[in-house]
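Reading through the structure tokens given below for one structure.
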Protein chains: 2
Amino acid sequence: MSLTQALLGLLAVEPASGYDLTKEFERDLGRYAWQAGHTSVYPELVRMAERGLVEVTQEGPRGRRTYSVTAEGREELRKWLLAPWGQGVVRNEQVLRMFLLEALEPEEAATALRGVVEYAERGANALRAHREHREVEPPEGRDVLGQLAAEYGLRQFQAMRDWALWALDHLNQRRKD
Amino acid sequence: MSLTQALLGLLAVEPASGYDLTKEFERDLGRYAWQAGHTSVYPELVRMAERGLVEVTQEGPRGRRTYSVTAEGREELRKWLLAPWGQGVVRNEQVLRMFLLEALEPEEAATALRGVVEYAERGANALRAHREHREVEPPEGRDVLGQLAAEYGLRQFQAMRDWALWALDHLNQRRKD
DNA sequence: CACTACATGTAAACTGTTACATGATTCA
DNA sequence: TGAATCATGTAACAGTTTACATGTAGTG
């Protein structure tokens, strides 16, 4: 289960509580890589602690428990990160929708594709603004992951926009035949 | 559940059996958009038929049943495709791994990132070869979806490569500080 | 006739989501 | 002191994967 690896990776960068980790999934990670709610995170942390991959290293107010990765956990993470690349789990509702626009009538498909272009441009612009703001205030600690995600997201949106423009062109070509 | 929409979309392009649909998930769709095994597909088709979204329009050898979308199913698909875009389900093990490389020691992270660059280049090259081959033999029917996927995949791999090169550069910058 | 690909299914185990539930701290 | 945020959890349900199971048609 990749949730284990995701938590291991986040905790390896910096110790955190289940609450912190959940917020991470709501932000960058959940946008481009992996989603998980707090109802998955908390029980998983308990299971991982039982397996010796993480441990509670601090307790704070409101029952807050800060987890850290153990040496064993770090080794497991390392193995996963350095393993050969194969076809992993992929599930992307937006991409699914993009592909299935094919099933619409050409007129409607074109309208929808123009919507994709707009959506991708909005996304890219927001990230470019975010990038400029970051040049003023450089990130630190866990925010570095946010930067990795933002840079990936920017390229992702550009790819989406390019694809939609190509698909529009392709659609027009076919309508002429 | 997006499996319903995925099946609806595939069947809207062309009627197919559960077996055919499963193969589609193993190929292009499962690579970039959505994965599903035959043990999900068959029961789902039965449920969808009960709801009146699809119907068996042909029976062939070996118990083969070809499903087609009903008018009701087509309408449901259309609604889903034309709905406003929001944050859909996202789950991508490769992207998760890319982001978490941050947790490795800089040396190892750099090695892994160079691996990402290579992987993305291999993927892009394979798709470019596929594209040239397609110029000789233009696709038809369901293969059009394969073409949409291939063009998306190509841009995806390019984005991945660009990101990994940026991340390598970024890593070197931080090592100097 | 053997092998491969076609073709469909069930059941148990596992994973993830939604709804429900509770209480503490901080800040205006 | 009221509201927002912090912080954690359980239980029922929904969805997915893995293992098991079976049989047919075509091809060399």
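The chains referred to below are lettered A, B, ... by the order of the sequence lines, with proteins before strands, and numbering in each begins at 1. Predicted model only: the values in this text are computed from it and were never measured. Side chains included, hydrogens not; waters and symmetry mates left out as well; all remaining heavy atoms used.
Defined by atom type and a distance below 3.5 Å, a donor-acceptor pair is missing between the side-chain atoms of B:Arg122 and B:Asn125.
Distance A:Lys23 NZ to D:dT8 C1': 15 Å, rounded to the nearest Å. Atom-to-atom, CE of A:Met1 to P of D:dT17 comes out at 14 Å; the value is rounded to the nearest Å. Here the P atom of nucleotide C:dA7 and the CG atom of B:Leu45 are 14 Å apart, to the nearest Å. Summarising the geometry, the separation between CE on B:Met48 and P on D:dG15 is reported as 13 Å, rounded to the nearest angstrom. Rounding to whole angstrom units, NE2 of residue A:His38 and P of C:dG23 are separated by 16 Å. In this structure, A:Arg91 atom CZ and C:dG16 atom P are separated by 10 Å, rounded to whole Å. One interatomic measurement links the two molecules: CD of A:Glu26 to C1' of C:dT17, which rounds to 14 Å at whole-angstrom precision. One atom, CG of B:Leu3, and another, C1' of D:dA14, lie 13 Å apart when rounded to the nearest Å.
Salt bridge annotation for A:Glu50-A:Arg47: absent, with no cationic side-chain nitrogen under 4.0 angstrom from a carboxylate oxygen. Between B:Arg155 and B:Glu151 there is a salt bridge, since a side-chain N of the basic residue sits under 4.0 Å from a carboxylate O of the acidic one. Salt bridge annotation for A:Arg78-A:Glu75: present, with a cationic side-chain nitrogen under 4.0 angstrom from a carboxylate oxygen.
For C:dT15, the OP1/OP2 oxygens have no side-chain nitrogen or oxygen of A:Arg47 closer than 4.0 Å. For D:dA7, the OP1/OP2 oxygens have a side-chain nitrogen or oxygen of A:Arg64 closer than 4.0 Å. Look at B:Tyr42 and you'll find a side-chain N or O under 4.0 angstrom from OP1 or OP2 of C:dT8. Between A:Ser17 and D:dT8, a side-chain N or O to OP1/OP2 separation shorter than 4.0 Å is present. Considering only side-chain N and O atoms, A:Tyr19 lies under 4.0 angstrom from the phosphate OP1 or OP2 of D:dC6.
Applying the 3.5 Å distance criterion, the base of C:dT17 shares no donor-acceptor pair with the side chain of A:Ser40.
Along DNA chain D, the nucleotide nearest to A:Pro61 and the one nearest to B:Gln35 differ in position, and the one closer to the 5' end is contacted by A:Pro61.
Contact between A:Ala103 and B:Gly9 at its shortest, heavy atoms only, is CB-O, 3.9 Å.
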